[in-house]
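Residue numbering restarts at 1 for every chain, and letters A, B, ... go by the order of the sequence lines. In what follows, every heavy atom counts, from backbone to side chain, and hydrogens, waters and symmetry copies are set aside.
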Amino acid sequence: MAKLILHKLCKDYGTGKPAVNDVSLEIREGGFLALLGPSGCGKTTVLRMIAGFETPSDGSILLGERVLADASGVVPPERRNMAMVFQSYALWPHMTVADNVSYPLKVRGICGQSYRDKVMEALKAVRLEAYVERRPADLSGGQRQRVALARCLVTAPDVVLLDEPLANLDRHLRQEMEETFREFHARSGATMVYVTHDQAEAMALATDVAVMSEGRLLQVAPPAEIYARPEGRLVGGLIGQGAVMTLPDNGGDHRNLGWDEILALFVDASAGHPTMEMLVRPQDVVIGGSGLPAVVEGVLYEGERYAVRLTLGDGQRLRAYSRTACAEGERVAVIISAGWRL
Amino acid sequence: MAKLILHKLCKDYGTGKPAVNDVSLEIREGGFLALLGPSGCGKTTVLRMIAGFETPSDGSILLGERVLADASGVVPPERRNMAMVFQSYALWPHMTVADNVSYPLKVRGICGQSYRDKVMEALKAVRLEAYVERRPADLSGGQRQRVALARCLVTAPDVVLLDEPLANLDRHLRQEMEETFREFHARSGATMVYVTHDQAEAMALATDVAVMSEGRLLQVAPPAEIYARPEGRLVGGLIGQGAVMTLPDNGGDHRNLGWDEILALFVDASAGHPTMEMLVRPQDVVIGGSGLPAVVEGVLYEGERYAVRLTLGDGQRLRAYSRTACAEGERVAVIISAGWRL
Amino acid sequence: MPQPLAKANSQPRWLFPFVVSFVALLCVLPLARLVAAGVSTFFSGRALDLLLEPAVWSAAVNTLSTSFFGMIAAVVIGGLFALSLTLADVRGKWLMSFLFMLPTMIPPQVQALAWVGMSGPSSPLLKALGIAPPMGSPQPLYSVGGIALLYGVQHAPLVYLSLRAGLLALPRDGIEAAKLAGASPLRVLRDIILPLSLPGIVAGAAIAFVSGVGNFGIPAILGIPAQIYTLPTLIYSRLASFGGSTFGDIAVLSAMIGLMAVAGLRVQERALRGKDYRVIGLSGAAATFRLGRWRPLLEALLWILLFVMLIAPFAALVSASLVPAYGIVLTLKTASFSAYEEILFRQNVTQTAFANSLFLASTTAFGLLVIGVLAGYTLTRGGSRWTGLLSAMIEIPYALPGIVISVAFVLLFAAPLPLLGVTIYGTIWIILAAYFASFLAVGLKPVVSALRQLDPALEEAARLSGASFYRRLFDIIVPLIAPAAGASVILVFLISCNELTVSALLWSAGTQTLGVAIYNLDDSGSYDLASALSVLVVLMVVVLMLLLELVAARLPKGVVPWRN
Amino acid sequence: ENLVLYTSQPNADAQATVDGFMAENPDIKVEWVRDGTPKIMAKLMAEIEAGNPAADVLLIADTVTLQRMKEAGQLMAYKSPEAANYDASLYDADGAYYATKLITTGIMYNTAATMKPTSWADLTKPEAKGLVAMPSPLTSGAALIHAQTLAGVSGLGWDYYKALQANGAVAAGGNGAVLKAVASGEKAYGVVVDYMPIREKAKGAPVEFVFPTEGVSAVTEPVAILSTTKHAEAAKKFVDYVLSENGQQGFLKLGYIPARNGMPVPEGFPARDTIKVQSLDAAAALKSSEADLKTFSGIFGTN
Ligand SMILES: Nc1ncnc2c1ncn2[C@@H]1O[C@H](COP(=O)(O)OP(=O)(O)OP(=O)(O)O)[C@@H](O)[C@H]1O
Ligand SMILES: Nc1ncnc2c1ncn2[C@@H]1O[C@H](COP(=O)(O)OP(=O)(O)OP(=O)(O)O)[C@@H](O)[C@H]1O
Ligand SMILES: [Mg+2]
Ligand SMILES: [Mg+2]
């Protein structure tokens with residue numbers, strides 16, 4: 001196991017806009033990187049380059065000292081000892097579930113008891129022991145995804161690439177699977193790269209979170225840090241459910257703003273100051289009390305609580321949580337107890 | 001538009017266990033039903049029977065007065081005026097994005113300006129205006145899913161079937177798409193059936209939530225009701241992130257339990273009473289104060305807060321939220337401020 | 001309110017009966033008529049006599065063994081080309097796949113003669129190298145192995161076309177997943193690519209096998225000198241001494257061939273049964289393998305094969321057309337274009353034959369595409385118990401030697417049609433009908449295997465869009481199986497373009513086909529004219545293929561087999 | 001009025017015959033179909049079986065085949081006035097068929113061959129070992145008649161065929177195949193019908209043809225009228241024409257030996273009286289043909 005290094009990686013499919021643009025990233029030995037970003041931002045393309053399915057248009061990929069891909073050539077995927085869960089699962093329709101899962105072992109020439117044990121273990125981990133003899137076409141969507149998962153985890157790869165591996169699973173299975181990943185990671189020490197749309201999942205699993213947008217890497221940091229200190233509007237908007245507000249710049253140099261400061265900025269708003277952007281997370285917005293006047297735009301029932309969309313007097317939008325239902329169009333007062341200057 | 005009625009619907013693929021077993025359900029005219037349930041519980045199969053791809057082994061399906069399927073025959077899908085987002089998207093690889101999306105219109109003989117408008121509108125709604133000329137193979141996973149969505153929403157179907165339509169989209173797009181669904185639903189008055197693993201999504205969108213497990217329908221109710229008054233262990237475990245605890249039955253007849261009552265039950269625990277099950281949601285578990293002693297089993301960073309897994313003295317498990325980090329193995333005291341007798 | 005259908009079947013109610021009646025009319029009825037004609041033989045005990053003749057059994061064994069080994073050879077050669085040209089990064093794909101289509105166009109007997117000429121005492125090549133065996137030394141091709149080898153050469157393009165369509169439908173991510181699992185390219189080939197394209201391979205192998213069973217030209221030239229008779233040559237020799245029991249004999253021998261074809265079909269079904277080839281999700285983007293230092297080697301191998309299969313026999317053909325008589329050595333002095341002059345400007349049969357064959361071949365090719373798609377759809381989607389029987393009925397006519405089919409058609413159609421009172425005998429329509437019957441199996445096979453690989457959800461999505469059966473067919477299914485449909489059209493076109501034995505008995509004045517014209521010229525000793533006409537036919541096909549190339553950009557992807 | 005002729009003459013010959021006839025009978029139009037004997041017989045038999053034969057007149061193969069058809073009642077008896085000019089052995093006494101020409105089977109050799117054969121017996125010499133090709137009676141009607149004829153010649157007989165087999169001769173395909181094998185030098189000697197090598201030689205091919213001293217067999221390409229004809233008068237005219245001096249002259253021009261008495265031979269042939277033709281009794285040959293085929297197959301191991 002060694003560091004996985006992406007150096008100035010680019011990929012252009014020839015569509016005019018590069019799919020991946022100048023991405024440089026180091027994933028430490030045995031690290032667990034979550035790759036976040038909006039749909040179409042190039043996450044899958046990055047994984048495919050790491051796996052060796054696409055040749056980078058520029059830049060290089062290294063695993064420790066070993067050059068996997070650069071201008072002079074590429075190591076073919078079969079010699080990279082990696083495993084991947086494809087976004088499209090990529091199951092082999094002519095093989096049974098058991099054959100699909102055991103194939104990487106067979107290729108490595110593993111057989112006998114340890115082979116059977118490993119396969120059963122992997123199938124148990126994804127709760128598919130009862131489906132060994134089925135063909136992928138006769139499985140439900142989530143079951144297919146689990147087969148892909150089992151196939152990925154059955155060997156001991158150096159690098160594991162997971163492309164939205166839990167998208168089709170229910171919450172319970174998801175939690176179990178997250179647990180499985182964590183165990184697998186701890187046990188095997190493999191470097192994991194995990195693409196997901198689910199920010200909570202990323203936070204829960206990863207040692208580092210990377211955020212991409214339109215082919216570029218915006219920020220890489222540990223989960224708590226990226227949550228607490230997002231860089232720029234895009235990352236701020238993506239991590240957590242925060243709203244980004246534009247306020248006059250008070251020129252202060254600390255970035256964590258309290259209610260008093262925020263209130264002061266609102267009062268200032270009319271002046272011709274230069275502006276700045278501030279990220280406000282919904283849990284920092286308290287409805288009630290004597291705050292800023294706002295109108296309820298929409299209310300979403302989330303079970304545990306209501307997610308409320310608010311519009312302030314100056315037309316800016318906010319999101320807040322409330323344990324009680326509000327009516328649409330209701331006028332309320334809000335206190336913004338914390339904000340983060342982007 | 002009319003009521004969609006499933007009557008004692010069964011489907012057996014001949015695998016020994018029926019995939020759908022005796023499901024009876026009425027979806028009111030213009031209703032929005034969310035279908036929840038663990039992976040492999042038969043959700044897709046129900047949709048496929050509604051669409052007409054599978055013949056029920058037993059039971060019938062009615063749209064208003066019209067029998068869509070029963071023992072005597074089946075109306076073929078092409079005459080049902082329904083639309084569906086397939087879990088596997090089922091895009092036509094030989095057509096461009098625009099062709100894929102416009103196909104249902106073409107089949108209906110719609111052309112001219114209104115045709116072009118509708119296609120562009122649908123593509124705009126899923127943010128794919130820039131990709132009209134691409135082929136599905138050259139799109140990212142989420143983009144493909146959005147094409148499937150646009151194709152589904154481009155016509156005015158009587159019934160819209162959505163099979164995990166947002167599984168591959170990021171949170172922002174997801175919210176936008178939810179908004180689109182809501183608008184579409186309000187505008188067209190179509191009956192929508194929405195399969196999802198994401199309980200929050202279901203709660204946010206649906207007028208009714210149905211929970212399935214192992215082919216059977218467990219409960220159908222409006223979101224708030226199903227959240228507040230889940231029936232049985234399975235529904236309780238599925239909706240919200242609650243933990244299910246086993247406690248002695250105090251024989252009381254109200255189901256909402258407060259801290260005092262719960263505490264009393266814990267004190268009682270040793271007696272040979274018959275037992276009952278109680279659902280405890282994490283937001284009702286408060287760490288700190290002078291409650292029951294518990295040990296922190298695991299802590300997950302979720303950004304906004306930490307999700308904490310706790311074990312009580314008697315080995316039962318609980319989940320709680322905490323805004324501050326706890327250490328694994330830490331001993332804490334918890335108060336269970338509310339519980340729901342299942 | 002629309003009437004509920006009996007089943008949630010995706011096919012319209014008329015489809016199965018339509019296909020069944022088509023097959024019954026064109027495939028079953030003529031053969032039934034033949035059996036009826038021979039029925040007295042059956043009861044007179046002659047059938048038993050025939051079955052007790054060792055000659056019949058040795059012919060049956062020869063037929064089976066030559067066809068079987070021929071099939072293996074065809075699968076090896078065709079498979080090699082299909083895999084190299086669709087999956088590997090060899091250079092000159094366009095030219096190679098273009099040329100690879102052509103051996104089918106060289107009539108089997110010409111192909112056989114060319115090979116005999118190439119390898120025997122008279123071989124110009126061997127003579128030039130000074131290693132020609134002395135006059136009269138045994139010819140190695142006059143053997144079961146030789147016949148099988150030529151079957152392989154002749155039928156390799158059929159396997160190629162059919163397999164190629166299967167390879168184009170492979171899911172790219174499935175191959176990638178296997179590579180990432182650590183499988184070397186060869187393992188990927190063995191474990192993923194070949195099993196997934198099995199329907200295509202099996203279809204190609206079946207066509208090759210059945211073509212071998214029914215082939216007359218090659219065993220006639222390579223087999224008879226070595227006393228190796230196959231059932232078709234045996235049937236032919238029975239026809240030479242036509243007697244009262246001949247119909248009975250043909251019927252019995254045909255039944256044996258029919259049984260072989262059905263047995264072959266069984267094997268084919270067995271090979272495919274219980275497996276799933278439906279590609280889930282997106283397919284189509286073919287993966288390529290980088291060959292690295294193996295590339296020049298493979299390319300050399302492919303070119304050598306092409307040389308031996310196409311260029312050498314074609315050169316033999318050209319040289320035969322340039323010398324005035326057989327056995328004269330071609331030199332600048334002896335060469336003359338008089339044969340071409342004669343063929344092009346003096347023989348008016350040439351024009352007629354070109355017109356007829358083009359009409360017959362294109363009508364058959366496109367007609368069978370329509371019928372093949374419809375029949376393929378019923379066979380793959382309809383869960384009817386009769387589909388097995390139906391496929392057998394489709395298979396048998398192709399396996400029978402053309403002459404048997406044509407005898408059957410004469411028997412059935414020589415008299416005016418009942419009710420209508422007109423006769424199609426003696427017109428071009430009877431040839432067309434016979435072509436439809438014989439080549440349905442060829443047109444159908446690639447289409448069926450492509451339908452097997454199709455993700456059913458793609459059609460379901462179209463149904464839910466409201467598309468009727470016809471719309472789905474046109475908009476979704478046919479474009480999706482375009483490579484197979486293209487293969488089917490091209491296969492049928494090529495085969496019917498130089499077809500001989502079916503039309504041999506069915507033609508009459510004005511309805512000669514190219515095959516008949518070539519055969520008659522050859523048979524009456526005008527080898528130079530026959531060769532010249534064959535050369536012209538090959539050139540015509542090349543021109544047609546080039547024309548196709550011009551419109552290729554507007555056809556669905558993958559239809560034209562030499563474009564990648 | 002359209003007369004339909006089924007013939008196994010080569011294309012050009014068939015056309016010439018028909019043209020000649022139509023020149024004399026402008027009111028009769030003749031459509032003709034030509035094919036190898038086995039195929040044209042198969043076609044005809046199938047038509048007869050279907051009850052609607054298209055042909056009126058046959059100009060086909062050999063007397064044995066027509067004898068068989070006569071016995072099956074498929075031929076019309078017609079006594080042509082021209083018969084007087086023919087050897088009685090060349091036509092059927094009942095008038096069912098008439099020989100039109102003599103196509104003899106002799107020996108051809110490649111000019112590169114070491115031995116110049118003059119008799120059938122030469123082919124069994126060691127010089128010819130493995131170098132002889134002949135048509136198979138299983139494929140060619142002429143070859144069967146040839147075998148039956150030689151089998152009846154004293155001094156040759158079936159023993160001759162055994163000797164041929166022992167000398168490595170192969171019985172392969174039809175006459176065309178033999179011609180190709182010898183002309184291309186694959187074999188040195190061939191048993192073959194006369195006109196093919198003689199024509200090829202004229203075109204410059206390296207082959208020679210000899211009429212062996214023991215005599216040659218001949219097929220006679222007889223003409224006959226089908227009993228089902230609807231154009232009996234025209235058909236009779238056709239028969240008369242083919243047998244007439246003019247018609248026979250036409251065959252002569254095409255390079256065949258006319259069957260009519262007192263006609264010359266084509267260029268490249270020795271004088272008619274130097275060619276010894278061994279005759280064959282059609283009725284007897286027909287009866288024994290199955291047995292003869294078996295005998296032949298037995299010798300050459302085609303079983
Ligand atoms: N084969 C291709 N040819 C051309 N463009 C492509 C191809 N594959 C992907 N793209 C484009 O490249 C961009 C990045 O694609 P990629 O699949 O990496 O996105 P992603 O981040 O994985 O998105 P998602 O979350 O939707 O799966 C997209 O805009 C997509 O349209
Ligand atoms: N074609 C089939 N043949 C046999 N069994 C099938 C077939 N399709 C689905 N099943 C089985 O039926 C059950 C229900 O499948 P279904 O696809 O309806 O599940 P689902 O609720 O949609 O699950 P998911 O959330 O994973 O998509 C599963 O156990 C599955 O294995
Ligand atoms: Mg992706
Ligand atoms: Mg599903």
Side-chain angles (χ1 to χ4, degrees), chain B residues 48-56 63-95 99-109 135-139 141 144 148 151-152 154-155 157 159-161 163, chain C residues 1-13 15 168-173 278-287 381 383 450 453-483 485 555-559:
Chain B
R48 290 177 58 79
M49 284 192 284
I50 298 177
F53 303 137
E54 305 282 356
T55 316
L63 187 62
E65 300 290 282
R66 194 175 155 208
V67 180
L68 293 184
D70 67 2
S72 68
V74 174
V75 177
E78 56 268 36
R79 282 193 256 139
R80 294 192 176 195
N81 194 27
M82 298 183 173
M84 177 162 175
V85 173
F86 287 72
Q87 202 166 7
S88 60
Y89 316 152
L91 300 182
W92 299 302
H94 61 296
M95 295 185 180
D99 291 340
N100 263 288
V101 172
S102 63
Y103 189 70
L105 292 176
K106 263 198 214 132
V107 167
R108 284 171 174 76
R135 305 221 175 240
D138 298 342
L139 293 178
R144 288 181 198 165
R151 179 176 70 184
C152 171
V154 78
T155 53
V159 178
V160 178
L161 307 169
D163 201 351
Chain C
M1 172 187 153
Q3 278 297 306
L5 283 171
K7 274 192 280 165
N9 216 328
S10 50
Q11 48 184 327
R13 234 181 297 200
L15 186 60
L168 287 183
L170 285 182
R172 181 179 64 180
D173 57 4
R278 289 170 293 170
V279 172
I280 303 163
L282 279 180
S283 69
R381 298 294 142 89
Q453 286 177 305
L454 208 59
D455 181 359
L458 296 178
E459 195 194 349
E460 288 170 356
R463 296 188 79 184
L464 211 57
S465 300
S468 63
F469 175 70
Y470 307 97
R471 291 277 330 223
R472 299 205 291 276
L473 216 54
F474 275 106
D475 296 342
I476 310 294
I477 296 174
V478 172
L480 283 176
I481 61 169
L555 294 173
K557 230 172 109 190
V559 173

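- Heavy atoms of Ala83(B) lying under 4.5 Å from chain C belong exclusively to its backbone.
- Contacts between Phe86(B) and chain C at a heavy-atom distance below 4.5 Å involve the side chain alone, from C-beta outward.
- Note: Ile481(C) CD1 to His94(B) NE2 = 11.0 Å, rounded to the nearest 0.5 Å.
- Note on Ala482(C), Ala457(C), Ser468(C): by heavy-atom pairs under 4.5 Å with chain B, the leading option is Ala457(C).
- Of all heavy-atom pairs between Met95(B) and Ile476(C), the closest is CE-CD1, 3.6 Å.
- The two residues Leu464(C) and Met84(B) make their nearest non-hydrogen contact at CD2-CB, 3.1 Å.
- Looking at Arg48(B), the atoms closer than 4.5 Å to chain C (heavy atoms on both sides) all sit in the side chain, from C-beta outward.
- The side chain to side chain contact (heavy atoms under 4.5 Å, CB included) check on Pro104(B) picks up Arg108(B), Arg151(B), Val154(B), Thr155(B), Ser465(C), with sequence neighbours excluded.
- No side-chain heavy atom of Glu460(C) sits less than 4.5 Å from a side-chain heavy atom of Pro77(B).
- Between Arg471(C) and Glu78(B), no side-chain nitrogen of the basic residue sits less than 4.0 Å from a carboxylate oxygen of the acidic one, so the salt-bridge criterion is not met.
- Annotation: ring pair (Phe, Tyr, Trp, His ring centres under 6.0 Å) contacts of Tyr103(B) (sequence neighbours excluded): Trp92(B).
- In this structure, Leu91(B) and Leu458(C) approach most closely via the heavy-atom pair O-CD2, 2.8 Å.
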